2 protein chains.
Amino acid sequence: MGVPNAAIELDAIDQRMLEALARNARISLKELAEVAGLSSPSAAERLRRLEERGVIAAFTLDIAPEAIGYFLQAIVRIRPLPGQLHVVQRLIQETPEFIECDKVTGEDCFIGRLVVRSMGDLDGILDKITERAETNTSMIKATPVKRRLPPLSR
Amino acid sequence: MGVPNAAIELDAIDQRMLEALARNARISLKELAEVAGLSSPSAAERLRRLEERGVIAAFTLDIAPEAIGYFLQAIVRIRPLPGQLHVVQRLIQETPEFIECDKVTGEDCFIGRLVVRSMGDLDGILDKITERAETNTSMIKATPVKRRLPPLSR
DNA sequence: GTTGAAAGACTTTAATT
DNA sequence: AATTAAAGTCTTTCAAC
């Protein structure tokens with residue numbers, strides 16, 4: 001079921017390939033092979049195995065939210081009222097401005113990230129949630145660490 | 001200075017292309033053209049312009065942290081002690097287990113996400129931060145919303 | 001698990017609408 | 001902005017180590 005219950009070891013070549021793909025997932029196999037110090041067929045085979053072993057979850061796209069009008073981002077902590085957990089979870093999932101949400105231990109139950117075009121839009125979204133949960137909202141002012149890979153070796 | 005201060009409009013073709021790339025950033029131009037209902041050269045030109053206009057920030061890689069031994073993820077809220085803001089920010093940036101960190105309004109100053117192999121590792125990382133900040137840690141139990149694109153049309 | 005060589009597939013250019 | 005056709009480049013297969 002999914003990922004085996006033991007850490008996969010990545011050698012130096014795997015690490016270089018993953019770092020190159022994290023910088024640009026659309027780089028050609030030829031470039032990837034150069035980075036890795038391998039021939040193209042070997043690089044293709046390595047890549048196939050990294051996917052097969054479940055190390056690579058996805059090749060994906062980062063868009064710039066502000067380029068398409070989402071000038072504000074917020075992190076919202078959400079503590080559903082008794083009996084409202086599932087309804088709140090569904091509400092979050094069905095609100096497309098939530099671009100990420102985790103279920104966590106502790107006082108808060110959910111911690112979500114959302115993008116909005118205006119404070120008015122944020123207010124509208126939070127009003128709906130506040131009917132069924134306590135919320136605590138922090139506006140994002142800066143991002144000192146942009147999404148990055150975890151350490152690939154111990 | 002990066003992105004223009006006005007929202008770029010995305011037509012239906014741009015939207016289909018971005019959705020396809022979010023599902024698989026390594027899809028070929030040929031497939032992308034099929035999704036978009038265009039010829040390959042047109043799809044290539046559209047893609048070039050989406051990058052040029054700053055809508056596409058990056059093509060990137062999602063790895064599965066648990067596949068390489070990071071079985072635990074946490075969200076940590078961090079409130080530096082007076083005078084310690086910059087030191088704390090640097091500490092976070094230099095701790096590679098922090099795979100993401102935002103600077104926010106409100107009581108907390110930073111909200112970070114980190115991956116660890118064990119509770120012992122988490123304890124070691126938090127001990128260092130706790131010398132200079134109050135922290136509040138929530139372990140991630142589930143992820144009801146995996147990173148996804150914001151709405152691409154209004 | 002890797003390589004080099006060849007066949008096949010994709011991408012890019014350029015002329016055109 | 002889009003298309004087709006052709007040239008160029010990359011990817012994949014396969015025999016060999």
Side-chain angles (χ1 to χ4, degrees), chain A residues 2-64 67-69 149 151-154, chain B residues 3-4 6-64 67-69 149 151-154:
Chain A
V3 162
N5 188 22
I8 287 167
E9 293 291 336
L10 301 175
D11 67 16
I13 295 175
D14 291 329
Q15 291 175 36
R16 284 200 294 273
M17 287 180 55
L18 291 171
E19 282 156 7
L21 288 164
R23 280 191 297 275
N24 177 12
R26 282 185 69 78
I27 106 184
S28 68
L29 281 174
K30 187 169 179 279
E31 289 172 278
L32 199 57
E34 272 162 32
V35 167
L38 296 173
S39 64
S40 295
S42 296
E45 173 65 7
R46 286 254 184 182
L47 186 55
R48 198 190 60 69
R49 291 183 51 231
L50 285 167
E51 292 187 67
E52 187 187 68
R53 291 189 292 170
V55 173
I56 292 176
F59 298 107
T60 184
L61 175 65
D62 281 0
I63 71 145
I68 58 171
L149 293 182
L152 299 179
S153 57
R154 46 189 82 231
Chain B
V3 161
I8 286 167
E9 293 291 335
L10 301 175
D11 68 15
I13 294 175
D14 291 329
Q15 291 175 35
R16 283 199 296 273
M17 286 179 57
L18 292 172
E19 283 156 5
L21 288 164
R23 280 191 297 275
N24 177 13
R26 282 185 70 78
I27 174 179
S28 68
L29 281 174
K30 187 169 179 277
E31 289 172 279
L32 199 57
E34 273 162 31
V35 167
L38 296 173
S39 64
S40 297
S42 297
E45 174 64 7
R46 286 253 184 182
L47 186 55
R48 197 191 59 71
R49 292 183 51 232
L50 284 167
E51 291 187 68
E52 185 186 68
R53 292 189 292 170
V55 174
I56 292 176
F59 298 107
T60 183
L61 175 65
D62 281 359
I63 72 145
I68 57 170
L149 294 182
L152 299 180
S153 57
R154 43 192 81 231

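Quick caveat, the model's predicted, so the values are computed rather than measured. Chain A is the first sequence line, chain B the second, and so forth, proteins listed ahead of strands; every chain is numbered from 1.
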What distance separates [X] [atom1] from [Y] [atom2], expressed to the nearest 0.5 Å?
| X | Y | atom1 | atom2 | answer |
| --- | --- | --- | --- | --- |
| L10(A) | I68(B) | CG | CD1 | 5.5 Å |
| E45(B) | S39(B) | CD | OG | 10.5 Å |
| L38(A) | I13(A) | CG | CD1 | 4.5 Å |
| L61(B) | L50(A) | CG | CG | 9.0 Å |
| I8(A) | R49(A) | CD1 | CZ | 9.5 Å |

Proximal nucleotide (of [options]) relative to the [X] side chain:
| X | options | value |
| --- | --- | --- |
| S39(B) | dT3(D), dT11(C), dT11(D) | dT3(D) |
| L29(B) | dT12(C), dC10(C), dT11(D) | dT12(C) |
| P41(A) | dG4(C), dT11(D), dT2(C) | dG4(C) |
| L38(A) | dT3(C), dC10(C), dT11(D) | dT3(C) |

Rounding to an integer number of Å, can you tell me how far [X] [atom1] sits from [N] [atom2]?
| X | N | atom1 | atom2 | result |
| --- | --- | --- | --- | --- |
| L47(B) | dT11(C) | CG | P | 11 Å |
| E34(B) | dT3(D) | CD | P | 13 Å |
| K30(B) | dT11(D) | NZ | P | 16 Å |
| D14(B) | dA1(D) | CG | C1' | 12 Å |
| I13(A) | dG1(C) | CD1 | C1' | 10 Å |

Could you tell me whether the phosphate oxygens of [N], OP1 or OP2, come under 4.0 Å of any side-chain nitrogen or oxygen in [X]?
| X | N | value |
| --- | --- | --- |
| R48(A) | dT12(D) | no |
| S42(B) | dT3(D) | yes |
| R46(B) | dA2(D) | yes |

**OP:** Compute the bend angle of the helix from dG1(C)-dC17(D) to dT17(C)-dA1(D) from the end axes (five pairs per end), rounded to 10°.
**Re:** 30°
Original post:
Are R154(A) and E9(A) within salt-bridge range, i.e. N to O under 4.0 Å?
Top reply: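 Yes, this pair counts.
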Subject >> E19(A) and R23(A) ion-paired at < 4.0 Å >> reply: no
Subject >> Position toward the 5' end of DNA chain C (nearest nucleotide), R26(A) or E45(A) >> reply: E45(A)
